[in-house]
There are 2 protein chains.
Amino acid sequence: MDTEPTSYRDRKVISIGTVSELTGLSERQIRYYEERKLVFPDRTKRGFRKYSFDDVERLMDIADKIEDGVQTFEIRQEMIRKKKAETKENVRENMLRGQLNAHFNLRK
Amino acid sequence: MDTEPTSYRDRKVISIGTVSELTGLSERQIRYYEERKLVFPDRTKRGFRKYSFDDVERLMDIADKIEDGVQTFEIRQEMIRKKKAETKENVRENMLRGQLNAHFNLRK
DNA sequence: CGTGTAAGGAATTCTGACACG
DNA sequence: CGTGTAAGGAATTCTGACACG
């Protein structure tokens, strides 16, 4: 529905040390934000975390909010709200699509 | 001149183990292609290789050629030829640009 | 609540070399 | 030429926990 199915932005290939350098956050912080369910890295077979560029950006956003005094709990709530809004939008979009399809199928 | 100055495609953040999984090549092969000057990973302070998605793609191209019996030496030659061709093109492009600028600067 | 740190162990990566062909 | 492998060492990452506040 977007550009690519899974673009470079979404491939989980970056290890935590590199993410730490990229974001300026400590590994401790990065792992803690995962514990609070704000980021969801993949794991290699041996259990090593792998992040995407998208995760890196999300982490920087999180860091900004934390600095502004927002609690991880609130950040999570916000995330969930946004996700729900998106889902609703998709439902509407698909309904519209269905109606259009029905319309054109009848005509032909 | 292109899209972004340094997009996700060009950021060197992937370690050799992950590149090995992504490409299906052994670490030995990946290091050897570097020795033959076909790829140029960055290094962390401690000397760990870091690759970009672009490197990953290049490695898969290299692997295809090797399979077809092309020698690393030839692959390298080819790379150099292409780079030179690009450089020439840029030179022409910049000359043209310069002429256009001169033209419009005179008019104004 | 968010983050630092020391602890012990397991997995990763590095280089130089020998091997095969 | 291209690639596998064993070798020894150094650096990375993991988890659970104690600490401060």
Side-chain angles (χ1 to χ4, degrees), chain A residues 11-53 55-81, chain B residues 11-53 55-81:
Chain A
R11 313 245 6 216
K12 310 240 179 190
V13 297
I14 313 175
S15 54
I16 195 165
T18 304
V19 172
S20 174
E21 289 197 348
L22 254 30
T23 60
L25 299 172
S26 69
E27 301 187 5
R28 181 68 169 96
Q29 290 174 303
I30 297 169
R31 291 196 191 99
Y32 180 65
Y33 300 153
E34 177 183 2
E35 191 183 320
R36 301 316 312 271
K37 307 203 171 161
L38 300 179
V39 267
F40 308 91
D42 274 0
R43 296 277 184 149
T44 65
K45 305 136 220 160
R46 265 58 169 275
F48 283 30
R49 275 168 264 249
K50 290 297 174 189
Y51 300 83
S52 65
F53 282 114
D55 290 331
V56 169
E57 295 198 351
R58 186 197 304 278
L59 282 165
M60 299 181 88
D61 287 348
I62 293 168
D64 286 345
K65 287 175 187 162
I66 298 266
E67 260 188 289
D68 292 349
V70 185
Q71 293 196 331
T72 57
F73 169 79
E74 307 174 87
I75 300 177
R76 179 156 163 65
Q77 299 260 301
E78 205 184 308
M79 275 180 47
I80 295 173
R81 260 186 268 114
Chain B
R11 315 244 6 216
K12 310 239 179 189
V13 297
I14 314 175
S15 54
I16 194 166
T18 303
V19 172
S20 174
E21 290 196 349
L22 254 31
T23 60
L25 300 172
S26 69
E27 301 187 5
R28 181 69 168 94
Q29 289 174 305
I30 298 169
R31 292 196 191 99
Y32 180 65
Y33 300 153
E34 177 182 1
E35 189 182 322
R36 301 316 312 269
K37 306 203 171 161
L38 300 179
V39 266
F40 308 93
D42 274 1
R43 297 277 185 149
T44 65
K45 306 136 220 161
R46 266 58 170 275
F48 282 31
R49 275 168 265 248
K50 291 296 174 189
Y51 299 83
S52 65
F53 282 114
D55 290 331
V56 169
E57 296 199 350
R58 185 197 304 278
L59 281 165
M60 298 182 88
D61 287 348
I62 293 168
D64 286 344
K65 287 174 185 162
I66 298 265
E67 262 188 287
D68 292 349
V70 185
Q71 294 196 331
T72 56
F73 168 80
E74 307 173 86
I75 299 176
R76 179 156 163 66
Q77 299 261 302
E78 206 182 309
M79 274 179 46
I80 294 172
R81 259 185 270 115

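Chain letters run A, B, ... following the sequence lines, proteins first and then strands; every chain starts at 1. The structure displayed is predicted, hence computed values, not measured ones.
- The distance from atom CD of A/Glu35 to atom C1' of C/dG4 is 14 Å, rounded to the nearest whole Å.
- Listed candidates were C/dT15, D/dT13, C/dT12. Nearest to the side chain of A/Ser15 is D/dT13.
- Taking each heavy atom of A/Arg36 and A/Thr72 in turn, the nearest pair found is NH1-OG1, 3.1 Å.
- Residue A/Gln29 contributes atom CD, which lies 7 Å from atom C1' of C/dT3 at whole-angstrom precision.
- Separating the OH atom of A/Tyr32 from the P atom of D/dC18 is a distance of 18 Å, rounded to the nearest angstrom.
- Listed for the B/Thr18 side chain is no donor-acceptor partner under 3.5 Å among the backbone atoms of B/Ile14.
- In a base pair of the Watson-Crick type (N1 to N3 plus N6-O4 or O6-N4) or a G-U wobble (N1-O2 and O6-N3), with each distance short of 3.5 Å, C/dG8 is matched with D/dC14.
- Per the geometry, CD belonging to A/Glu21 stands 15 Å off P belonging to D/dA11, to the nearest Å.
- Nearer the 5' end of DNA chain D, as judged by each residue's closest nucleotide, is the contact made by B/Ile66, out of B/Ile66 and A/Thr18.
- At least one side-chain heavy atom of B/Lys65 sits under 4.5 Å from a side-chain heavy atom of B/Glu78.
- For B/Phe40, the CZ atom sits in a packed shell: over 12 heavy atoms of surrounding residues, nucleotides or ligands are nearer than 6.0 Å.
- Residue contacts for B/Arg36: at a heavy-atom cut-off of 4.0 Å it reaches the sugar-phosphate backbone alone, with no base atom in range.
- Close to D/dT12, at under 4.0 Å from its OP1 or OP2, lies a side-chain N or O of B/Arg46.
- A/Ile14 places its CD1 atom 12 Å from the P atom of D/dT13, with the value rounded to the nearest Å.
- Shortest non-hydrogen contact noted between B/Ser26 and B/Ser20 is CA-OG, 4.2 Å.
- Side-chain nitrogen and oxygen atoms of B/Arg49 include at least one within less than 4.0 Å of the OP1 or OP2 phosphate oxygen of C/dC14.
- The residue B/Arg31 sits close to a base: some heavy atom pair falls under 4.0 Å.
- Residue-to-nucleotide proximity on DNA chain C shows that, of B/Gly47 and A/Tyr33, the 5′-proximal contact is made by A/Tyr33.
- As judged by a 4.0 angstrom heavy-atom cut-off over every strand, B/Arg28 is placed among the base-contacting residues.
- Here the P atom of nucleotide D/dT13 and the CD atom of A/Glu27 are 5 Å apart, to the nearest Å.
- Summarising the base pairing, C/dG2 is matched to D/dC20 through a Watson-Crick or G-U wobble pair whose two defining distances lie under 3.5 Å.
- In this structure, B/Arg43 atom CZ and C/dC14 atom C1' are separated by 8 Å, rounded to whole Å.
- Taking atom CD1 of residue B/Ile62 and atom C1' of nucleotide D/dG2, one finds them 13 Å apart after rounding to whole Å.
- When each of A/Gln71 and A/Phe48 is assigned the nucleotide of DNA chain C bearing its nearest heavy atom, the one mapping closer to the 5' terminus is A/Gln71.
- Nucleic acid contact for B/Thr44: none, since no nucleic acid atom lies under 4.0 Å from a heavy atom of the residue.
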